[in-house]
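This report concerns only the one structure given below.
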2 protein chains.
Amino acid sequence: MDTKERILKTALELYNSQGVNTITSRHIAAKMGISPGNLHYHFKHTDEIIKTLYDRLSADFDRIVASVEALEEVDLHMIRSSVTTSLELGYKYRFIFLHFVEIGLRIPAVKKDYAALTQRREKEFLSVFEKLKANGVFRADLPEEVLKAFVTQIFIVGDFWLSNNELTLKLKGSKAIAHYSDIFSSMFYPYLTPAAMQLAKGNQ
Amino acid sequence: MDTKERILKTALELYNSQGVNTITSRHIAAKMGISPGNLHYHFKHTDEIIKTLYDRLSADFDRIVASVEALEEVDLHMIRSSVTTSLELGYKYRFIFLHFVEIGLRIPAVKKDYAALTQRREKEFLSVFEKLKANGVFRADLPEEVLKAFVTQIFIVGDFWLSNNELTLKLKGSKAIAHYSDIFSSMFYPYLTPAAMQLAKGNQ
DNA sequence: TTAAATTTAGAACAAATGTACTAATTATTT
DNA sequence: AAATAATTAGTACATTTGTTCTAAATTTAA
């Protein structure tokens, strides 16, 4: 593995475990056993490290969403499994979510990118919900406004479940993912038709 | 107003507008036109300023929750109005929510306090939900687990709607509060009985 | 094998930060 | 009015941080 890749790996580890504000370029270099000069040869500015990691997270998420969108039929199983995959990815890059606002302030490109992404995602989610309605999975008696609000809820919980965990339960790894997967699944429950509710109960 | 109070007021302003990481004790002193030495006479450590502001927020929230708990009958109106009051309070101290994880890391007392508070609040919310069930406002066919998950959702959205706003819409003041009040109200919608849903539609 | 390019170490710099210290000023008490 | 206490300004210090610079070492190309 080349130095650049090792820097990214070490930075991710340190940011995840100690936070983005306490870790400096010197810490990363020290942990790797290289000089600060060397680190700054590969990344002129420390923020470039963070930006690169954010871009990778973003690209990985795109792949997950694309795989759901490609499906003809969307059912609860698919949703549950892609929720878990998303949470796993989030956990891998958890420092970004734990310090989202700070990073957004520090690196405007991240904020811009995320704001644009949100708008795209909202449409994608609403169209998935329409499919679920058509398949008799989602209730048909909910106003458009309520579904839109549900999308925002999903975004907020999706972006900040890690912060909530950090401030309360402090679950680690797969335990955190399992717990918040359950919460995500429960979020959908009241939106289901009675038939879909029965199905969901069985699979829990 | 004495100097200590002016420090808190100025700090709140600066933290809210520029973030907790960019603002230092020197900035606060400069904005007030006092010396750094004077500021540190009143607050030996900068973190004491943040802790004091957090304590005030926490106390104000306690009063809101207590006023809801004191009610014999809880209905949707009351919920909506205390949601709005809560959001207004959150907006006033928004820097805390925008930097919750950082502040929790920097000031362990805040984290401890918040973790304990969450546990108390969970019980309080669940008992309010029971009242709503008894009054025919909430559906009775939802599993206990789903209601517990709903409480967590409310906490996450309640703590991070400001972060979501910062990263996406960037609404200011009453516009932000109005928008996220609607989202909060919509969150409750799928949990309502058909009768309560009718009522809610009318009042929107 | 020699020349050129890349990578690395280590020192150095300027700016910023939290906070301590000293002395002066102002307010309060006796 | 004198003495004491509280408040304030201003300076100073040690530490940290991002980054730059220089020179050495290593790798690659000719």
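Note on naming: letters A, B, ... go to the chains in the order of the sequence lines (proteins, then strands), and numbering restarts at 1 for each one. All of these numbers come straight from a predicted model, not from anything done at the bench.
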Q. Looking only at side-chain N and O atoms, does A/Thr3 come under 4.0 Å of OP1 or OP2 in C/dT8?
A.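 Indeed, a polar side-chain atom of A/Thr3 lies that close.
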
Q.
It should be established whether B/Thr24 places a side-chain nitrogen or oxygen under 4.0 Å from OP1 or OP2 of nucleotide C/dG18.
A. yes

Please state how far atom [atom1] in [X] lies from atom [atom2] in [N], giving the value in whole angstrom units.
X       : N      : atom1 : atom2 : answer
B/Arg26 : D/dC13 : CZ    : C1'   : 11 Å
A/Asp2  : C/dT6  : CG    : P     : 15 Å
B/His27 : C/dT19 : NE2   : P     : 15 Å
B/Gln18 : C/dA16 : CD    : C1'   : 16 Å
A/Ile28 : D/dT19 : CD1   : C1'   : 14 Å
A/Asn21 : D/dT16 : CG    : P     : 16 Å

Q) So, A/Tyr15 versus A/Tyr93, ring centres under 6.0 angstrom or not? A) no

**Q.** Ring centre gap for A/Phe97 and A/Phe100 strictly below 6.0 Å
**A.**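 Yes, ring centres under 6.0 Å apart.
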
**Q.** Strand contacts (DNA chain D) in residues 30-48 of chain B, 4.0 angstrom heavy-atom criterion
**A.** B/Gly33, B/Ile34, B/Ser35, B/Gly37, B/Asn38, B/Tyr41, B/His42

Q: I would like to know whether B/Phe95 and B/Gln18 meet side-chain contact (heavy atoms from CB on, under 4.5 Å); could you show each step before the answer?
A: CA-CA 9 Å; B/Phe95 85 95; B/Gln18 319 223 38; over 6 Å; no

Q. Does A/Leu142 reach the side chain of A/Phe150, with side-chain heavy atoms less than 4.5 Å apart?
A.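 SC-SC contact between A/Leu142 and A/Phe150 ruled out.
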
Q. More than 12 heavy atoms of other residues, nucleotides or ligands under 6.0 Å from NZ of A/Lys51: is that the case?
A. yes

Q: Answer yes or no: is there an ion pair linking A/Asp141 with A/Lys133, defined by an N-O contact shorter than 4.0 Å?
A: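 Judged by the 4.0 Å cut-off on N to carboxylate O distance, A/Asp141 and A/Lys133 do not form a salt bridge.
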
